[in-house]
K.L.:
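Pasting a structure here, questions to come.
Residue numbering restarts at 1 for every chain, and letters A, B, ... go by the order of the sequence lines.
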Number of protein chains: 2
Amino acid sequence: MARESKTKYILLGMLAIKNCSGYDIKQMIDVNVGYFWQESNGQIYPTLKKLEECKLIERIEEDRDSTREKKIYTITLEGKRIFQNWVEEDEYILSIRNEFLLKLTFGTNLTVRKNIERLKKYKRGVSEKKTILESMKSRLGLEEQTDQHIYWYIQLDSGILMSQAMSEWCDLSISRLEKLGG
Amino acid sequence: MARESKTKYILLGMLAIKNCSGYDIKQMIDVNVGYFWQESNGQIYPTLKKLEECKLIERIEEDRDSTREKKIYTITLEGKRIFQNWVEEDEYILSIRNEFLLKLTFGTNLTVRKNIERLKKYKRGVSEKKTILESMKSRLGLEEQTDQHIYWYIQLDSGILMSQAMSEWCDLSISRLEKLGG
DNA sequence: CCAGGCATGTAATCTGTTACATGATTTA
DNA sequence: TAAATCATGTAACAGATTACATGCCTGG
C-alpha cells in the first residue's frame, strides 16, 4: 500500500504562502526546509499536474517579465481546505536514513584514523549548513515580522541547534577516537 | 532507476557482529539505530533470502532452545568482502522527512495555543527517546570494552545529543510562542 | 482462554529517485 | 561560444510500506 505521499501537502503549503511555479517550489523546499524535507522534480511536476486536475490549484497568468516558459500556480479554496485538514491532523511520519551514522556504527571495520577523517569532513559539512541557516535567520530578522515569520524562525532554529549539536558531537567523538590512538 | 537499496548492507553489518535471525535483526535495528535508520519486515525477509541465494550469508543450525521456528544466519567470507567494500566507500546518502517540523513550519494555519501543545507533546516524545538511549549507553558502559563498543558508544551519543538539542529547542520555541500570547 | 509477543513471510500497491530530454537565456 | 542556470517534464525502475496470513508459545 505504501503510505500516502505527503508531497501534495508541501506543494499546497508553499502555494498557500504565495503563488509560484514548480521550479520556485523546488527552490523553496531545497533552501528553506531541505534539511528535514526533500522532494525531487520527479515528484513535484506530476503532483502539480494532479493537483490541477483535482482543482486544488490553478494556473494563473504570469503577468510579467517572463520570456521564459513558467507556469505559475495559485491555490484554490478547496485546495486550502485539503491543506488545512492535513495541518490539523495531529500525526506525523518521521523517516530518516543517515548512511554516515550507519557506517560509523560499523566503524570497527575501518582504521581509527579513517574514522576521524570522516568525522572531520562530516563536521565541515554540518558547519557549512549551519552557517547558511544562520544567514537565513538574520535575513528573516530584517524583514517585517508577519505571523508566518515566527514559524519560519522557529523552524530555522531547529536546524541551527541540530547542526550545532551535531558539530559538538563530532568534536567529542574525534577526541574520543584520538585517545584510542589515531 | 531508484537508488541502490542499502538494506543488504545493514543486514550484513548486523550479521558481521553476530549470527542472528531476521527477527533479531529487526529488533537490533529498531532498538539500536532506529532513530536514524529504519527497515520494515517487508524489506528484511526478502533481502535475507536474496543474500542467501547470492551466498553472502548462510543458514546455520540454531543449536538450541528453540521449539520456535527461527532461522539463524551467518555471514560468509564473500559477504564480509561486500560489506567491507561498502563501509570503505566514503559516500553517504541522507534522507529525512520530518512531518512534524513541516507542519510546524505551516503553523500559522493553526492557533498559537495548538502549536504550543504540539511542541510540548513532541518534547515528551523526544525526552522519552533520550532516556532510552541513555539507559542503553550506561548498559553499554558496564559491559566489556571491545573495539566495537566505542563506535556504538559514539553513535548513541549522537542520538542523545540530538535529543537534548531538540528538547531545548522545544522549550525555546514554546516560550517564544507564549510571548506571542498563547 | 485470550491477548500479546515471537517469528516468518508475501502481495499489492504506491512512492520516489535517477537519468534523461528539451530548449531558452544568461554569464564568463 | 561554452557552461551554467532557468524551467518543465517523462520513463524506467526499483524501493519501501502496509496490511495481511500463519502459527506457536507464554503470561495473566
Side-chain angles (χ1 to χ4, degrees), chain A residues 1-11 14-15 19-31 34 36-53 57 59-62 64-73 91-99 102, chain B residues 1-11 14-15 19-31 34 36-53 57 59-62 64-73 91-99 102:
Chain A
M1 261 121 228
R3 69 176 151 223
E4 189 202 13
S5 175
K6 311 292 184 179
T7 303
K8 55 178 163 298
Y9 299 117
I10 190 166
L11 300 186
M14 292 303 180
L15 289 171
N19 300 335
C20 43
S21 66
Y23 192 88
D24 296 336
I25 292 174
K26 171 70 172 150
Q27 300 291 100
M28 287 165 80
I29 293 173
D30 286 351
V31 174
F36 68 79
W37 198 276
Q38 294 104 37
E39 292 289 353
S40 65
N41 285 341
Q43 285 287 96
I44 291 172
Y45 288 108
T47 304
L48 281 173
K49 199 180 220 175
K50 276 176 222 151
L51 289 174
E52 197 186 4
E53 279 164 15
I57 65 175
R59 282 194 59 184
I60 55 167
E61 295 315 310
E62 66 277 25
R64 206 24 310 104
D65 72 73
S66 25
T67 51
R68 279 214 178 86
E69 144 179 73
K70 192 164 183 174
K71 298 185 177 179
I72 309 288
Y73 295 95
E91 274 173 34
Y92 328 95
I93 56 109
L94 172 63
S95 67
I96 313 183
R97 282 189 158 196
N98 185 328
E99 200 181 7
L102 190 59
Chain B
M1 260 125 221
R3 69 178 153 221
E4 188 202 16
S5 174
K6 311 292 183 180
T7 303
K8 55 179 163 299
Y9 300 118
I10 190 166
L11 300 186
M14 292 302 181
L15 289 171
N19 300 335
C20 43
S21 67
Y23 193 88
D24 297 335
I25 291 173
K26 172 72 172 148
Q27 300 291 100
M28 287 165 80
I29 294 174
D30 287 350
V31 173
F36 69 79
W37 199 275
Q38 295 104 38
E39 293 289 350
S40 64
N41 284 342
Q43 285 286 95
I44 291 171
Y45 288 108
T47 303
L48 280 173
K49 200 181 219 178
K50 276 177 224 150
L51 289 174
E52 197 186 4
E53 279 162 16
I57 64 174
R59 283 196 59 186
I60 55 167
E61 294 316 310
E62 65 277 27
R64 205 27 309 103
D65 69 73
S66 27
T67 53
R68 281 215 176 89
E69 145 180 71
K70 192 163 184 172
K71 297 186 177 178
I72 309 289
Y73 295 95
E91 273 172 38
Y92 329 97
I93 58 110
L94 171 63
S95 67
I96 313 184
R97 283 189 158 195
N98 184 329
E99 200 180 7
L102 190 60

K.L.:
Is any side-chain N or O of B:Lys26 closer than 4.0 Å to OP1 or OP2 of C:dT8?
P.N.:
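So the side chain of B:Lys26 is outside the cut-off, no N or O lying under 4.0 Å from OP1 or OP2 of C:dT8.
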K.L.:
Would one find a side-chain N or O of A:Ser21 under 4.0 angstrom from OP1 or OP2 of D:dT8?
P.N.:
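Yes, such a contact exists.
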K.L.:
Please state how far atom CD in B:Glu39 lies from atom P in C:dT8, giving the value in whole angstrom units.
P.N.:
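About 16 Å, once rounded to whole Å.
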K.L.:
Separation of B:Asp24 atom CG from C:dG9 atom P, in whole Å?
P.N.:
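Answer to the nearest Å: 13 Å.
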K.L.:
Using five base pairs at each end, measure the axis-to-axis angle across the helix from C:dC1-D:dG28 to C:dA28-D:dT1 and round it to 10 degrees.
P.N.:
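Between the axes fitted at each end of the helix from C:dC1-D:dG28 to C:dA28-D:dT1 lies an angle of 40°.
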K.L.:
For a quick test of your reading: what N or O donor-acceptor pairs under 3.5 Å do the side chains of residues 19-30 of chain A make, sequence neighbours left out?
P.N.:
| residue | atom | partner | partner atom | Å |
| --- | --- | --- | --- | --- |
| A:Asn19 | OD1 | A:Thr74 | OG1 | 2.7 |
| A:Ser21 | OG | A:Tyr23 | N | 3.4 |
| A:Ser21 | OG | A:Asp24 | N | 3.1 |
| A:Ser21 | OG | A:Asp24 | OD1 | 3.4 |
| A:Ser21 | OG | A:Asp24 | OD2 | 3.0 |
| A:Asp24 | OD1 | A:Lys70 | NZ | 3.2 |
| A:Asp24 | OD2 | A:Ser21 | N | 3.1 |
| A:Lys26 | NZ | A:Asp30 | OD1 | 3.3 |
| A:Lys26 | NZ | A:Asp30 | OD2 | 3.4 |
| A:Lys26 | NZ | A:Glu39 | O | 2.8 |

K.L.:
Nearest 0.5 Å, what's the NZ-CD distance between A:Lys6 and B:Glu99?
P.N.:
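Interatomic distance, A:Lys6 NZ to B:Glu99 CD, rounded to 0.5 Å: 4.0 Å.
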K.L.:
Out of C:dA7, D:dT8, D:dT18, which has the shortest distance to the side chain of A:Arg3?
P.N.:
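Taking heavy atoms from C-beta onward, the closest nucleotide is D:dT18.
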K.L.:
Once you round it to whole Å, what is the distance between C1' of C:dA7 and CD1 of B:Ile72?
P.N.:
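These atoms are roughly 11 Å apart.
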K.L.:
What nucleic acid atoms does A:Ser95 come within less than 4.0 Å of, heavy atoms only: base, sugar-phosphate, or nothing?
P.N.:
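If one applies the 4.0 Å heavy-atom cut-off, A:Ser95 turns out to touch nothing in the nucleic acid.
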K.L.:
Please give, in whole Å, the distance from C:dT8 P to B:Leu11 CG?
P.N.:
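Roughly 12 Å, once rounded to whole Å.
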K.L.:
What's the spacing between B:Tyr9 OH and B:Glu4 CD if we round to 0.5 Å?
P.N.:
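Spacing of OH (B:Tyr9) from CD (B:Glu4) equals 3.5 Å.
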K.L.:
When you measure from the side-chain N and O atoms of B:Ser40 to the phosphate of D:dT18, is any distance below 4.0 Å, counting only OP1 and OP2?
P.N.:
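Indeed not, no polar side-chain atom of B:Ser40 lies that close.
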K.L.:
Nearest to the side chain of B:Glu69, which nucleotide is it out of C:dT8, D:dG9, D:dA7?
P.N.:
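Nearest to the side-chain atoms of B:Glu69, counting from C-beta on, is C:dT8.
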K.L.:
ring-ring contact (aromatic ring centres under 6.0 Å, His included) with A:Phe36: which residues, sequence neighbours excluded?
P.N.:
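ring-ring contact (aromatic ring centres under 6.0 Å, His included) check on A:Phe36 returns nothing, list empty.
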K.L.:
Can you check the B:Asp30 CG to D:dT17 P distance for me, whole Å?
P.N.:
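After rounding, the gap between these two atoms is 11 Å.
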K.L.:
Report the distance from atom CZ of A:Arg59 to atom OH of A:Tyr73, rounding to the nearest 0.5 Å.
P.N.:
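These two atoms lie 6.0 Å from each other.
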K.L.:
Please check this pair: side chain of A:Gln38 against backbone of B:Ile96, looking for a donor-acceptor N/O pair closer than 3.5 Å.
P.N.:
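It does hold such a pair.
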K.L.:
Looking at residues 42-51 of chain A, who's got a heavy atom less than 4.0 Å off DNA chain C?
P.N.:
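Close to the strand are A:Gly42, A:Gln43.
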K.L.:
What is the distance, rounded to the nearest whole Å, between atom NZ of A:Lys6 and atom P of D:dT17?
P.N.:
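Atom-to-atom, A:Lys6 to D:dT17, this comes out as 14 Å.
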K.L.:
With rounding to the nearest 0.5 Å, note down the distance linking CG in B:Leu15 to CD1 in B:Ile72.
P.N.:
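Going from the CG atom of B:Leu15 to the CD1 atom of B:Ile72 covers 9.5 Å.
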K.L.:
Show me, pair by pair, the donor-acceptor contacts under 3.5 angstrom made by side chains of residues 42-52 of chain A, not counting sequence neighbours?
P.N.:
| residue | atom | partner | partner atom | Å |
| --- | --- | --- | --- | --- |
| A:Gln43 | NE2 | A:Thr7 | OG1 | 3.3 |
| A:Thr47 | OG1 | A:Gln43 | O | 2.5 |

K.L.:
Atom pairs under 3.5 Å, N or O on each side, protein against nucleotides 3-6 of chain C: can you list them with distances?
P.N.:
| residue | atom | partner | partner atom | Å |
| --- | --- | --- | --- | --- |
| C:dG5 | N2 | B:Arg68 | NH2 | 3.0 |
| C:dC6 | OP2 | B:Tyr23 | OH | 2.8 |
| C:dC6 | O5' | B:Tyr23 | OH | 3.3 |

K.L.:
Between atom CH2 in A:Trp37 and atom C1' in C:dT15, what is the gap in whole Å?
P.N.:
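Taking CH2 of A:Trp37 and C1' of C:dT15, I get 12 Å after rounding.
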K.L.:
In this structure, how many angstroms lie between the C1' atom of D:dT18 and the CD atom of B:Gln38, rounded?
P.N.:
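Answer to the nearest Å: 15 Å.
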K.L.:
At under 4.0 Å, does any side-chain N or O of B:Arg97 touch on OP1 or OP2 of C:dT15?
P.N.:
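For C:dT15, neither OP1 nor OP2 has a side-chain N or O of B:Arg97 closer than 4.0 Å.
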K.L.:
With a 4.0 Å cut-off on heavy atoms, is B:Ser5 in touch with a base, just the backbone sugar-phosphate, or nothing at all?
P.N.:
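The residue B:Ser5 makes sugar-phosphate contact but no base contact.
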